[in-house]
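Just so we're on the same page: letters track the sequence lines, and every chain starts at 1.
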There are 2 protein chains.
Amino acid sequence: MGGLGGLLDGVRLSPAQRRIALYLSEHLDEAIFLSSVELAERAGVSQPSVTRFAVALGFAGYPELRQALRPLVLGRTAGEPGLIESAIDGEIRNLGLLRSRLDGAPAVEAGHGQAPPPPLRIKEAGEALAAADPLPIFGLRVSAGLATTLGYYARLIHPDVRLFTHGGSELLDGLRIVQRAGAQWVLAVVLPRYPAESIQALEYADKLGLRRVVITDRPGLPADITLDAPVGDRLVFDSHAAPLAVAMALVEAMADAAPLRTQARLEDYERSSDEAGIFLPGEPP
Amino acid sequence: MGGLGGLLDGVRLSPAQRRIALYLSEHLDEAIFLSSVELAERAGVSQPSVTRFAVALGFAGYPELRQALRPLVLGRTAGEPGLIESAIDGEIRNLGLLRSRLDGAPAVEAGHGQAPPPPLRIKEAGEALAAADPLPIFGLRVSAGLATTLGYYARLIHPDVRLFTHGGSELLDGLRIVQRAGAQWVLAVVLPRYPAESIQALEYADKLGLRRVVITDRPGLPADITLDAPVGDRLVFDSHAAPLAVAMALVEAMADAAPLRTQARLEDYERSSDEAGIFLPGEPP
DNA sequence: CTGCCTTTGAATAGGTTCATTCACGAAGGG
DNA sequence: CCCTTCGTGAATGAACCTATTCAAAGGCAG
């Protein structure tokens, strides 16, 4: 992983240079800030070896190599960012903010900055949802797509997922039915613009005694656990890369919370989908 | 936009320092690589003003400020990256690669690198799909979620979108029906693992004379325009941030290709959803 | 107009970075 | 056994970066 973008095409590398390449590929994102001395230290080689490495790759010197590495980490190029490009930049930044919140560490150290956002309780939510049975999931309107993805993955590792992508009485009925069936939790996706129906459903779920995990873009919705991640709003329509990442992290947490069940279900799924020839030959998901 | 993460809380800034802050907020992502001299040049102030700016913000010096700025651009912290974190790093990198492909510029300048990937024909696809009527969209299994999102947005700006998220004869029938109704194009989402049904449907669409835009993660599928973006495969399940971004770019291109219709439909939608009270009060999408 | 304060940039000194040079040691062939 | 070739790291000097000093310019009260 962490490929160097084919930078080392057909170049023959000496042992020390291979060590540099190894370090680069494993720590690419901090390497772009390192000086040649620092990189040499961490790779365990001498500083001239770093310079020689850069030259061997066809660069004029180490600064040029470092500059060429930058687009591999944050996809900037010299080109003027167009609308689409800056939208993607924004999504990259959204994912970056999400990532730093997951660390628990504040993004900014110095300064007399304001209070950091509360940490995301993904692990806790994953454990709760993994134990929930049945597991209702809903997402209306623009959130239907993400709810569908969540539902698809959740079904692969959970025995009883009930997906709702349409509102109205069907959703409220469905919530009541799952509650009667023993549900304790509900998972909702509520991205802007916030449908009144979604809020109503969250309040109704509370009345039913269901606890609510909500994937959204800002705190403040009626929920017991809020997993918020910023949406990209630079284009005509919102882009949901960061909420999608939160959803993936949540599914991962659910899988972690019930490892044996997850493994058994995935293996079973693998076998039966192979037999039925559902997918083209290739690696499992 | 491009906020500085509340770094300038209650600090009083002199005119020259405001110019620095302005430049930083607008070019944050390149600023983190600039020396104090370079930043001073671009902000139109003297180099000491940059140092004083950093000190005024509570940092020990300019290097400390620059270091604190880094997490704002790429959300790295000192913390060891866990599984989730490195998955998000991977998605950030995927978006970066996508971004550099959109520029048309190769991500890496020097080196004797291999052939760059072909550019993404998003604009062309957007124009074709905007003119298509009716517009069939399909995505099966794990691709159903992204197809649903695409369908939701496309419907807001296109008069006749037909969404298919289930395979089988229903899909093939549906393709034949839209073809009889005058469709010229079909938009498909085919992410791994590739359902045999999806490939079959693409081949059938070809037989019907439909041209095919496919959002996927690698070239090689039967398609007339392939929009490929890498998926993140570090977790139990694949993550689709980059294909989602491609989808958003495609919708944007469709909107651009028919600006009048887009504006009219969005305004109409805005009015009617307001009247019906569908959404909580807030800004339009 | 004078004195005081703030702000700013030129000049400078001290530290760091990087490419080059040179010497040492290991591997391989005669 | 010697010699060549190659890779490596210590040492070096030029270029660069940053913080500090200092003087000039502008605003403002008296």
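Of the possible polar contacts, one joining the B/Glu38 side chain to the B/Ser35 backbone as a donor-acceptor pair under 3.5 Å is found. For B/Tyr153 (side chain) and A/Val142 (main-chain N/O), no donor-acceptor pair under 3.5 Å exists by modelled atom type.
If you take CG on B/Asp233 and CD on B/Glu91, they are separated by 9.0 Å, rounding to the nearest 0.5 Å. Distance check: B/Met254 CE to A/Phe237 CZ gives 9.0 Å after rounding to the nearest 0.5 Å.
Applying the salt bridge (charged side-chain N to carboxylate O under 4.0 Å, His left out) test to B/Asp228 and every residue at least two apart in sequence or in another chain returns B/Arg101.
Note that the first and last nucleotides of DNA chain D, 5' to 3', having any atom under 4.0 angstrom from a heavy atom of chain B are D/dC17 to D/dT20. Protein chain A contacts DNA chain C from C/dT17 to C/dT20, reading 5' to 3' and using non-hydrogen atoms of the protein with a distance under 4.0 Å.
Residue pairs meeting the side-chain hydrogen bond (donor to acceptor under 3.5 Å, both in side chains) criterion with at least one partner in residues 54-66 of chain B, sequence neighbours excluded, are absent. Residues in residues 240-252 of chain B take part in no side-chain hydrogen bond (donor to acceptor under 3.5 Å, both in side chains) pair, two or more places apart or across chains.
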For residues 49-59 of chain A, which side-chain donor-acceptor pairs fall under 3.5 Å, sequence neighbours excluded?
residue : atom : partner : partner atom : Å
A/Ser49 : OG   : A/Ser46 : OG           : 3.3
A/Thr51 : OG1  : A/Gln47 : NE2          : 3.4

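Using a 4.0 Å heavy-atom distance criterion, B/Arg66 is classed as a sugar-phosphate-only contact.
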